[in-house]
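Down below is the structure, laid out as C-alpha cells.
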Amino acid sequence: MSHIELLNVSKSYDKQRSVLNEIDVSIEKGEFFVLVGPSGSGKSTLLRMIAGLEEITSGTLHMNGQVVNHLPPKDRHLSMVFQNYALYPHLTVEQNILFGLNAKKMDKKEQKKRLHETAEMMGLTELLKRKPRQLSGGQRQRVALARSVVSEAPLCLMDEPLSNLDAKLRAHMRMEIRRLQKKLGLTMVYVTHDQVEAMTMGDRIMVLNDGKVQQVGEPIALYNEPANVFVASFIGSPKMNMGRAVVKGQQLVVEDSLSIPVEAADVVDLPKNRKMIAGIRAEHLSQVTSDEKTHVLDVISVEHLGNETMVTFEVGREFWTAKWLGQQIVHVGDRVPVGLSVKNISFFDAETGELMKAASSQKQKEGVAI
Amino acid sequence: MIMPLYKKVVLYLLLSVSAFFIFAPAIMALVMSFMPSEQILTGTIIPDSLTLDHYRQAFERFPLLSYLTNSLIVSLLIMAGQLLLSSLAAYAFVFLEFKGRDALFFLFIATMMIPFEASIIPNFQTIRDMNLLNTYTGLSLPFFAMAFGTFLLRQTFKQIPKELKEASEIAGMGDLKFYLTVVLPVAKTSLVTLGVYGFLSAWNMYLWPLLATTDDSVRTVQIGLKQLQSQEQLNEWGVIMAGGIIVVLPTLILLFLGQKKLQKGLTEGALK
C-alpha cells in the first residue's frame with residue numbers, strides 16, 4: 001500500500017522561477033526512499049512540501065489515500081530530522097526528546113516510558129541531563145534521531161542528517177539509521193546530495209536535477225541502466241567515463257582516438273551516423289597483460305587507496321578513470337595496456353542525453369542471478 | 001599582547017589621565033556630598049572632615065523616598081511594557097510571514113528618526129484627553145512602543161534557526177507557545193540587555209515626567225532633584241550632590257549586575 005503519493009506536484013516562487021516540475025512518484029509503506037541530487041536540484045523543497053512546511057504550487061499530495069495539500073504539518077503524523085538537528089539549545093537532552101510529546105500533552109507516565117525506551121535504544125541514557133552544546137556532533141545527531149523516534153510517527157523525513165559528521169561517523173550512522181528504519185518499520189524519505197549514502201541506504205532512489213525527476217529505481221538499476229547522462233555521471237564513484245562516439249563500419253570510434261571493434265549484433269539497435277555518447281564504468285577499463293590488450297593509454301594521474309588503485313588516462317579531450325584492485329605499480333607518463341569491450345559500454349543520445357542502450361554485459365549477469 | 005615596559009607605562013598613564021578627567025565631575029559630586037557646607041563654599045577640593053548631614057537633609061526636607069518609589073514604579077512599568085511589546089513585535093517580524101512585512105518593518109524603524117521631543121505635544125494632548133495626567137499609566141504609556149527594542153530583538157530572533165520553528169510546527173506547537181517556551185528563553189541575554197537599557201533611560205527621563213505631572217505624589221526623582229536646587233535662595237550644593245548620588249545609585253547597581261550581559265547583548269550579532 002502506498003503511503004505517500006505525489007501527482008504532478010510542482011513548485012514555483014512568484015509564479016516565475018520554477019523549482020520543481022511535475023513530480024510524480026509514489027512511496028510505499030515501510031520503504032526507505034532516497035531523494036538525491038546536486039544542490040539546488042529541489043530535493044529539500046520536495047521534502048519540505050511533504051512535511052507541509054512549504055506550500056504546493058500545483059498538483060496533489062496524497063497520504064494514506066487522502067489529499068493532504070493543505071493539512072498543517074502537525075496533522076500529517078510525521079517526524080523530521082533536520083540537517084542542523086534543530087535541537088533547542090536551552091533545553092536538556094531529555095527535554096529536547098520529550099518536546100514534541102509535551103506539545104501534544106501526552107500522559108507523563110507514557111512520556112517517561114517512551115523516553116527510557118528510546119534513550120536505551122539510541123545509547124543516550126547517560127546524556128539525558130546534558131545541554132546540546134555539551135554534546136559532540138554524533139551525540140547531537142542521535143538526540144535528533146531520538147526525538148523523531150520517540151514520536152512514533154509512521155513517517156520519518158530526513159534532510160541531509162549526516163552531512164555535518166565526519167566520514168567515519170557518517171558510515172556508522174548510515175548503518176544505524178538503516179537498522180532503526182527496518183526495526184521500527186518506518187516509511188522513510190531521506191534527502192542527500194551524497195550518492196554513496198543514496199546507494200547504500202535506499203530501497204529506491206529518485207534522482208533529481210534542476211527540479212525534474214531524472215530516474216526512479218533501485219540503486220543497482222540506477223547504476224547499471226542510468227536513464228540519461230546525468231544519472232550516469234551522478235551515480236557511482238568515480239563517475240562513469242564518457243566520450244563522444246560514432247559507429248563507423250565495424251568500428252566504434254570514441255573521442256576520435258579510441259577505436260573499438262564491434263559486431264553487427266552489438267550495434268543493431270543503434271541508429272547509424274548519429275552522434276552518441278559512450279559511457280563505461282571505471283571497473284570495466286580492465287587491467288590486462290600486453291597480450292590481451294585492446295588499447296594502450298597514457299597515464300596522467302595515479303591515486304593509491306591501499307586496497308585499490310585509481311588510474312586516470314587521457315582519451316581525446318576527456319579524462320577516464322580506471323579502478324583496479326590491489327596496489328598497482330603504475331607511474332604518471334606510462335603507456336599502459338587496457339582491455340575495453342563494447343559489451344560494457346552504455347550508449348546515450350548526444351543531443352538529449354537519454355539512454356539508447358545500456359551495457360549488455362550487466363543484463364547477462366542479471367539473467368544469471370535470477 | 002607583549003609590549004615593552006615604557007610603552008605600557010605611557011599607555012597606562014594616558015588611560016589613567018583620561019579616566020580621571022572623565023570621572024572628575026562624578027568624583028567631585030561624591031566628595032562634595034560628604035563635605036561640610038563651609039568647605040564647599042570656600043572651594044576646597046579635599047575635605048578635612050566628612051559628614052553625612054547632607055544625606056540626612058536630603059531625605060528630611062524633600063519627599064525623596066516617595067520620589068524614588070515613583071521612579072522605580074514608572075521605570076519598571078516602562079521596562080515591562082517595552083519588553084512585552086518589543087518582543088511580540090519582533091516575533092511577528094521574524095517568524096510570521098505576511099505581505100509587506102519588510103516594508104512595515106522599515107516604516108517601524110523609520111520612527112526611530114523622530115525624536116521624542118517632536119511628538120511630545122500630541123502625546124501630551126492624548127494623555128491629557130485620556131485623563132491620565134498625574135498617573136503612573138500616563139507617565140509610562142507613551143514609551144511602551146519602542147522601535148529600537150523591536151529592532152534589537154528582531155536581530156536576535158533572526159539568529160534563531162528557522163528549523164527550530166519548523167520542528168515545533170511539526171510537533172504541533174502554536175506560535176504563542178513557541179514564543180514562550182523557545183524564543184524567550186533563547187533570547188534571554190538580549191531581553192536582559194533591553195530591560196536594563198529601558199529601565200535606565202526611563203529612570204533618567206526628565207522632560208516627560210515634568211510635563212505629565214503637576215502633583216508631588218507621582219513625581220519622579222529627576223524632577224525632585226531639580227526641586228532641590230531651585231527651592232532654596234542659596235543653593236545648598238552639598239544637599240544637591242547628596243541627592244544626585246542617591247539617584248545615581250540604582251543605575252550603578254544595575255550596571256554592575258548587568259554589565260556582562262549588557263556587553264554581550266549589545267555586541268551580539270555585531271561580530272561573526
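Each chain gets a letter, A, B and so on, in the order its sequence line appears, and its residues count up from 1.
For F95(B), the CZ atom is densely surrounded, since the number of other residues' heavy atoms within 6.0 Å is greater than 12. Crowding of E120(A) atom CD: a count of heavy atoms from other residues, nucleotides or ligands under 6.0 Å not exceeding 12. For M106(A), the CE atom sits in a packed shell: over 12 heavy atoms of surrounding residues, nucleotides or ligands are nearer than 6.0 Å. At most 12 non-hydrogen atoms from other residues, nucleotides or ligands lie less than 6.0 angstrom from CZ of F23(B). Within 6.0 Å of NZ on K182(A) lie more than 12 heavy atoms contributed by other residues, nucleotides or ligands. Counting heavy-atom neighbours within 6.0 Å of Y206(B) OH, excluding the residue itself, gives a total above 12. At most 12 non-hydrogen atoms from other residues, nucleotides or ligands lie less than 6.0 angstrom from CZ of F256(B). More than 12 non-hydrogen atoms from other residues, nucleotides or ligands lie less than 6.0 angstrom from CD of E110(A).
Of all non-hydrogen atoms in P89(A) and L164(B), the two that sit nearest each other are CD-CD1, 4.1 Å. The minimum heavy-atom distance linking S79(A) with I170(B) is given by the pair CA-CG2, 4.3 Å.
Across G100(A), A103(A), S151(A), the residue that shares the most heavy-atom pairs under 4.5 angstrom with chain B is A103(A). Ranked by non-hydrogen atom pairs under 4.5 Å with chain B, the options K104(A), R76(A), M80(A), H90(A) are led by H90(A).
With a threshold of 4.5 angstrom between heavy atoms, R147(A) approaches chain B through side-chain atoms but not through N, CA, C or O. N102(A) touches chain B through its backbone: at least one of N, CA, C or O sits under 4.5 Å from a heavy atom, while the side chain does not. If you measure heavy-atom distances from L87(A) to chain B, the contacts under 4.5 Å come from the backbone alone.
Residues V186(B) and Y88(A) have side chains not in contact (no heavy-atom distance under 4.5 Å, counting atoms from C-beta outward). Contact check for Y85(A) versus E163(B): no side-chain heavy atoms found under the 4.5 Å cut-off. M173(B) places none of its side-chain heavy atoms less than 4.5 Å from the side chain of K74(A). Annotation: side chain of P185(B) is not in contact with side chain of L91(A) (no heavy-atom distance under 4.5 Å).
Note that CD of E166(B) and CG of D159(A) are 9.0 Å apart. Values are rounded to the nearest 0.5 Å.
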